[in-house]
Amino acid sequence: MPELPEVETVRRGLAPAMEGFVIARAQVNRPDLRWPFPPNMADRLTGKRVLQLRRRSKYILADLDSGETALIHLGMSGRMLVSGDPLGQFVHSHPAPEKHDHVVFDMENGARITFNDPRRFGAMDLFATVKGESHPLLISIGPEPLGNAFDEDYLVEALSRRNTPMKSALLDQKVVAGLGNIYVCEALYRSKIHPTRPARRVAKDRIASLVPIIREVLSDAIRAGGSSLRDFRQADGELGYFQHSFDVYGREGAPCRSTGCTSTIRRIVQSGRSTFYCPTCQR
Ligand SMILES: [Zn+2]
């Protein structure tokens with residue numbers, strides 16, 4: 001499932017093809033994905049200029065000159081493909097339509113953006129831009145981990161009374177936006193905090209240390225995604241999934257990479273999802 005760095009990579013890949021350009025034609029091939037599409041979605045998108053392509057948590061937000069914002073969520077398996085040759089940046093011709101191409105934007109510049117989602121856990125909606133973050137999917141999301149509101153004082157306060165394990169506390173989208181299983185495991189490893197330790201029993205300075213670590217883990221991944229963007233123009237135009245190496249995630253049984261540590265990475269299941277950690281380094 002895409003997490004914040006993957007979604008940010010998709011946004012950055014879409015921006016040169018979409019930002020500032022008119023959607024010449026929006027084609028909507030089915031009535032719904034995870035939820036029904038808003039009424040007349042194709043008409044409300046066609047002929048509208050994309051003023052800005054933003055990201056909030058794992059949502060891509062396209063502000064249109066009609067006063068509406070299009071919300072796009074990739075869900076579990078959603079993919080965005082860019083084809084065509086706008087500004088000479090994309091070398092791909094349009095591929096043949098595929099079965100799960102649910103929404104297709106033909107931009108005035110010749111680019112085609114295809115939203116393909118075999119499992120259909122993705123979503124699209126339209127809402128008045130002035131309503132800001134009162135959309136039901138956005139209203140209770142916590143601060144952006146790379147934004148100014150996410151700082152040491154905030155995180156210490158947010159976690160100080162929580163009895164939930166650190167892993168669950170950081171996965172809570174009300175605490176911080178966009179963190180998922182992979183990057184929570186990585187951040188806890190770098191901070192040396194044990195994933196099952198109750199949040200309120202972790203010392204404040206250790207909680208505070210997580211703020212720069214979370215930013216660093218995400219920034220590293222976004223940088224890796226940026227490299228994949230440079231490569232994708234020679235590949236198939238698909239955005240968002242890139243090879244990235246992790247210190248603990250997916251490394252059960254492999255040696256811990258911390259200097260001097262001879263332990264192997266362990267996997268446990270918390271709330272039905274795998275947690276990877278080092279039993280020696282993380283306390
Ligand atoms: Zn270790």
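As the structure lists them, so they are numbered: ligands from 1, and atoms in each ligand from 1. Atoms considered below: every heavy atom in the structure, side chains included; atoms not considered: hydrogens, waters and symmetry mates.
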Regarding R12 and E8, does a basic nitrogen lie under 4.0 Å from an acidic carboxylate oxygen? yes
Could E6 and K58 be called an ion pair, given the rule that one side-chain N must be under 4.0 Å from one carboxylate O? no
Using the benzene-type ring in the case of Trp, are the ring centres of H135 and F127 under 6.0 Å apart? yes
Between D32 and R30 (salt bridge meaning N to carboxylate O under 4.0 Å), is one present in this structure? yes
Give me the number of protein N, O or S atoms whose distance to the Zn ion (ligand 1) is under 2.8 Å. 4
Output the rest of the hydrophobic cluster of Y277: all Ile, Leu, Val, Met, Phe, Trp and Tyr residues reachable through side-chain heavy-atom contacts under 4.5 Å, sorted by chain and number. I268
L138 with L179, same ILVMFWY side-chain cluster at under 4.5 Å: no
